[in-house]
Protein chains: 2
Amino acid sequence: MSQRDVDVSDFADAPRTVPSLQTLFSRQAVEKFEGGTAVFWEGDPASHVFEVVEGVLRVFKIISEGRRVITGFIYPGDLLGVSLKDHYLYTAEAVTTTKLRRFGRTRFQDEINHSPELRPQLFARLCDEMAAAQDQMVLLARKSAEERVASFLLIIARRLSGNRQAAPVIEIPMTRLDMADYLGLTIETVSRTMTKLIASGVIAPCGRHAVTVCKLGKLALLAGEADDEDKHVASADSVRRAVWPN
Amino acid sequence: MSQRDVDVSDFADAPRTVPSLQTLFSRQAVEKFEGGTAVFWEGDPASHVFEVVEGVLRVFKIISEGRRVITGFIYPGDLLGVSLKDHYLYTAEAVTTTKLRRFGRTRFQDEINHSPELRPQLFARLCDEMAAAQDQMVLLARKSAEERVASFLLIIARRLSGNRQAAPVIEIPMTRLDMADYLGLTIETVSRTMTKLIASGVIAPCGRHAVTVCKLGKLALLAGEADDEDKHVASADSVRRAVWPN
DNA sequence: CGGTCGGTTGAAGCGCATCAATCCAAGTGG
DNA sequence: CCACTTGGATTGATGCGCTTCAACCGACCG
């Protein structure tokens, strides 16, 4: 499952100039990680930056009493471990068998610093990551279990199909526990919610690690992706409200 | 309240070279926003980047049925609206009366691009922001009401005291509703939790918009800031576990 | 086979939301 | 100065959504 050739096309919305972030990594040897093994742990000295070639990783933090929070899943083409901190902020573990390329952190920084081509690409990635983090905060703060699961399905659907409108079949490489720890729920609630979505005909099971989306519109609705017009009503002249001298 | 001169010292852990991010803004005129007024709305064309000179802002998103999620509070010295997206991802509103400097987005980007001094500073800020976002995800996903409120108090305590160990008196410029929408709770729960913290002698009220911390250690404990040794046990040779071909 | 691991399903309980009343401080106008 | 208002905060009573605990199921494996 989740077997797919690395598609190197189709990344961030940065300008498509010649040297791309992945060409930076392309000379590096590929390392393989079996599912369940860690690439690095939270608190480790942050020695390297990684590019995912194939497979899916989970990135998480642990707090007291063994509570785990998965802050994100990392897909092929994504970078892993980019930060200026000298220790990793989280643990990264392979979900499926994973292939990575690695780059020394300081060398990576140098390359970025010296390349006016690469910099905006990296910057764009960070902004995307930030936007995703904010969406996740919204999900965790205010969405119901059903909305969370529906949102999750849409997120990974878009992830795999590279932003094209979600493919009908969604691969779910991670376990229910992973989903639960990502969505701030328990396994049981995730399971129950999934069966509810199946019962209502929104999705249909496709083995245990995939589903087909039957009613995409309904799914998006359940996810709380309000197509509200409200949101942009006042936008028009908002900035002008500020005292803008000159 | 929240009246304090802008202290321009003591920022990100970036190297303290001569031209700093705030000198970039220092020539810009200062604009004033009364509490409750918006600086920009989610979805507005992202025309400017702002530096907060004085006051506190809230940054939030609205989802269906008027549910609001505050993704962060912005303090003096912070930047606001930094992103490569061409529309703002969130609404920014003044909590208290606020003074800002503004910078055209493209010009800001140019300045950053041409200054090898400024770039790492901006990058460091983004990384800090990302780290904060991850902590917030942990809070929202797995912490109890009491842990959330305690965490919140510590966060803003550190914020105001510029990373020195939290000052005994914590200013809380925002309303309970703001706190609730930041912590993923309701006003009532926030209120109840605060009174509980007061009853247990951890904090003492200081008017409605400030508290004194009586038992800082207890507060940190309640916040779930586990001083676990567990976390770093396995860290030692973690990276070596990877197949690292020279 | 028994054993384990991930997943599903059921029953009971708890933590927080919801609804509603009250309070308090700061205006505001007569 | 005092009634009246208004917005934020507190406190109480009730209910619901999710967690918790526990049993069970199916697939895989030695």
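None of the values given here were measured: they were computed from a predicted structure. A note on names: the letters A, B, ... follow the listed sequences, proteins ahead of strands, and every chain is numbered from 1.
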Inset, instruction - Provide, to the nearest angstrom, the distance between the CZ atom belonging to Arg176(B) and the C1' atom belonging to dG7(D). - result: 14 Å
Inset, instruction - Please work out whether the ring planes of Phe40(B) and Tyr88(B) are parallel, tilted or perpendicular, with thresholds of 30° and 60°. - result: parallel
Legend entry - Carboxylate-amine/guanidinium contact Asp181(B) Arg58(B), below 4.0 Å: no
Legend entry - Rounded interatomic separation in angstrom, taking NE2 from His209(B) and P from dG8(D): 9 Å
Inset, instruction - Round to a whole Å and report the spacing from CD of Glu147(B) to C1' of dC16(C). - result: 14 Å
Legend entry - Between dC5(C) (P) and Arg208(A) (CZ): distance, integer Å: 15 Å
Inset, instruction - May I have the distance from Asp181(A) (atom CG) to dG6(C) (atom C1'), rounded to whole angstrom? - result: 14 Å
Inset, instruction - Give Gly184(B) one of three labels, base, sugar-phosphate or nothing, depending on what nucleic acid heavy atoms sit under 4.0 Å from its own. - result: sugar-phosphate
Inset, instruction - Starting from C1' on dT8(C), measure out to CD1 on Ile172(A) and report it in whole angstrom. - result: 15 Å
Legend entry - Atom pair distance, as rounded to whole Å: CG in Leu140(B) and P in dG15(C): 19 Å
Legend entry - Ile70(A) to Phe60(A) - nearest heavy-atom pair and separation: CA-CB, 3.7 Å
Inset, instruction - Go through the steps for Lys143(B) and Ser151(B) under the test side-chain hydrogen bond (donor to acceptor under 3.5 Å, both in side chains), then give the verdict. - result: CA-CA 9 Å; Lys143(B) 288 192 176 177; Ser151(B) 300; 3.2 Å; yes
Inset, instruction - Rounded to the nearest angstrom, tell me the gap between atom NZ in Lys143(B) and atom P in dT19(D). - result: 18 Å
Inset, instruction - Strictly below 4.0 Å, heavy-atom distances to any atom of DNA chain C: list the hits from residues 186-201 of chain B, or just say none. - result: Thr186(B), Glu188(B), Thr189(B), Arg192(B)
Legend entry - N-O pairing of Glu31(A) and Lys99(A) below 4.0 Å: no
Inset, instruction - Consider only side-chain N and O atoms of Glu34(B) and Thr97(B), and report whether a donor and an acceptor are under 3.5 Å apart. - result: yes
